Amino acid sequence: MSVTPIRLFGDPVLRTPADPVVDFDKELRTLVADLTDTLLDAAGAGLAAPQIGVGLRVFVFDVDDVVGHLVNPVLSFPDEDEQDGQEGCLSIPGLYYDTKRRLNVVAKGFNEYGDPVQIVGAGTMARCVQHETDHLDGVLFLDRLDAAARKVAMKEIRAAEWYGDKPPVVKLSPHGPGGLPGLTPGRLR
């Protein structure tokens with residue numbers, strides 16, 4: 001278990017859809033532990049495997065003092081309710097933008113041992129689950145911003161100290177128009 005460097009905006013791994021996990025083995029448990037250590041060290045709400053350079057469908061979360069993980073998540077939405085609030089990303093450090101998400105989510109997947117898991121989340125948990133599942137699909141929260149907000153965000157990213165000369169790429173989420181459903185006001189990092 002160790003803290004691993006987080007990949008930053010512009011790294012191609014952040015735009016590459018992750019592969020489903022097929023082996024629920026010691027390597028997966030080590031990945032979950034590394035993701036958790038890295039997330040807790042960075043004081044974020046969620047972290048997906050591609051953010052540490054691993055192309056597998058795994059993410060961890062720390063929301064409202066609940067720390068956990070989900071492998072091979074599949075999302076559904078019990079209603080059409082939406083939320084709009086500040087969202088950020090550990091791969092886009094220090095920048096936050098109002099992002100519309102669905103307010104409620106049901107996420108089904110597995111734990112690190114292959115046992116079925118279901119997360120029913122509202123507000124911040126729903127925002128986190130959607131944000132991290134987007135990462136597994138190669139989608140960043142910037143892709144969910146309207147054109148004017150995205151233009152402002154890209155200008156701020158290009159001016160950020162951590163940003164290099166990497167061309168930006170925008171992708172659409174496979175989870176529907178306008179991004180993933182369900183976020184609560186508050187910052188997601």
Side-chain angles (χ1 to χ4, degrees), residues 2-21 27 30-63 69-73 75 84-101 124 127-181 183 186-189:
S2 65
V3 173
T4 304
I6 295 173
R7 304 292 180 95
L8 297 178
F9 179 83
D11 189 313
V13 72
L14 297 175
R15 292 303 194 170
T16 305
D19 294 325
V21 171
E27 286 183 38
T30 299
L31 173 60
V32 169
D34 289 349
L35 282 165
T36 302
D37 288 350
T38 303
L39 175 65
L40 296 175
D41 181 70
L47 186 67
Q51 291 180 273
I52 63 168
V54 178
L56 291 175
R57 295 188 68 78
V58 180
F59 71 80
V60 298
F61 58 88
D62 180 6
V63 177
H69 67 278
L70 194 58
V71 178
N72 296 337
L75 306 185
D84 197 9
Q86 290 283 293
E87 191 166 327
C89 180
L90 293 172
S91 293
I92 306 170
L95 301 175
Y96 300 88
Y97 304 98
D98 282 338
T99 307
K100 190 174 286 192
R101 297 271 186 183
T124 303
R127 181 176 294 274
C128 179
V129 167
Q130 292 171 80
H131 179 107
E132 299 312 325
T133 302
D134 266 357
H135 271 299
L136 303 179
D137 295 325
V139 175
L140 300 176
F141 84 101
L142 299 173
D143 303 333
R144 299 196 173 280
L145 303 178
D146 63 39
R150 191 176 312 114
K151 184 175 180 178
V152 169
M154 291 309 304
K155 183 176 181 180
E156 290 178 353
I157 288 169
R158 284 190 286 273
E161 236 177 72
W162 53 264
Y163 181 72
D165 293 326
K166 302 166 191 129
V169 176
V170 175
K171 281 184 86 166
L172 297 178
S173 170
H175 300 287
L180 287 182
L183 293 186
R187 292 184 174 185
L188 176 66
R189 293 188 284 158

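Remember, it's a predicted structure, so these values are computed and weren't measured experimentally.
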*Asks:* Just jot down the side-chain contact (heavy atoms from CB on, under 4.5 Å) partners of E156, sequence neighbours excluded, or say none.
*Replies:* L95, Y97, V152
*Asks:* For the NZ atom of K100 and the CG atom of D84, what is their distance to the nearest 0.5 Å?
*Replies:* 6.0 Å
*Asks:* To the nearest 0.5 Å, what is the distance between CG (D62) and CG (L47)?
*Replies:* 11.5 Å
*Asks:* Might you point out which heavy atoms bring C128 and A45 nearest each other, and give the distance in Å?
*Replies:* SG-O, 3.4 Å
*Asks:* Is D137 paired with R57 through a side-chain N to carboxylate O contact shorter than 4.0 Å?
*Replies:* yes
*Asks:* Run the side chain to side chain contact (heavy atoms under 4.5 Å, CB included) check on T38 and L90 step by step: do they pass?
*Replies:* CA-CA 10 Å; T38 303; L90 293 172; over 6 Å; no
*Asks:* Is the ring pair Y163/F9 parallel, tilted or perpendicular, if the boundaries are 30 and 60 degrees?
*Replies:* tilted
*Asks:* For V21, is there any backbone N or O sitting under 3.5 Å from a side-chain donor or acceptor partner on N72?
*Replies:* yes
*Asks:* Minimum heavy-atom separation for C89 and F141, please, with both atom names.
*Replies:* CB-CE2, 3.7 Å
*Asks:* Ignoring hydrogens, what is the shortest heavy-atom contact between L142 and A153? Give both atom names and the distance.
*Replies:* CD2-CB, 3.9 Å
*Asks:* Hey, is the main chain of L140 close enough, under 3.5 Å, to the side chain of D143 for a donor-acceptor pair?
*Replies:* yes
*Asks:* Hey, does the side chain of W162 reach the backbone of L8 with a donor-acceptor pair shorter than 3.5 angstrom?
*Replies:* no
*Asks:* Do V60 and L40 come close enough that some side-chain heavy atom pair is under 4.5 Å?
*Replies:* no
*Asks:* Testing the basics here: between Q86 and Y96, what is the closest heavy-atom pair and its distance to 0.1 Å?
*Replies:* OE1-CB, 3.1 Å
*Asks:* Answer yes or no: is there a side-chain heavy-atom contact under 4.5 Å between L145 and K151?
*Replies:* no
*Asks:* With H135, which residues qualify under ring-ring contact (aromatic ring centres under 6.0 Å, His included), at least two apart?
*Replies:* H131
*Asks:* Between D34 and S2, is there a donor-acceptor pair closer than 3.5 Å when you use the side chain of the first and the backbone of the second?
*Replies:* yes
*Asks:* Evaluate the side-chain proximity of L35 to F61: yes if any heavy-atom separation is below 4.5 Å, no if none is.
*Replies:* no
*Asks:* Hey, does the side chain of D11 reach the backbone of L14 with a donor-acceptor pair shorter than 3.5 angstrom?
*Replies:* no
*Asks:* Would a distance-only check, ignoring hydrogens and angles, find a side-chain to backbone donor-acceptor pair under 3.5 Å from Q51 to I6?
*Replies:* no
*Asks:* Measure the shortest side-chain to side-chain distance between L136 and P73 over non-hydrogen atoms and say whether it is less than 4.5 angstrom.
*Replies:* yes
*Asks:* Any side-chain heavy atom of I52 sitting closer than 4.5 Å to one from R7?
*Replies:* no
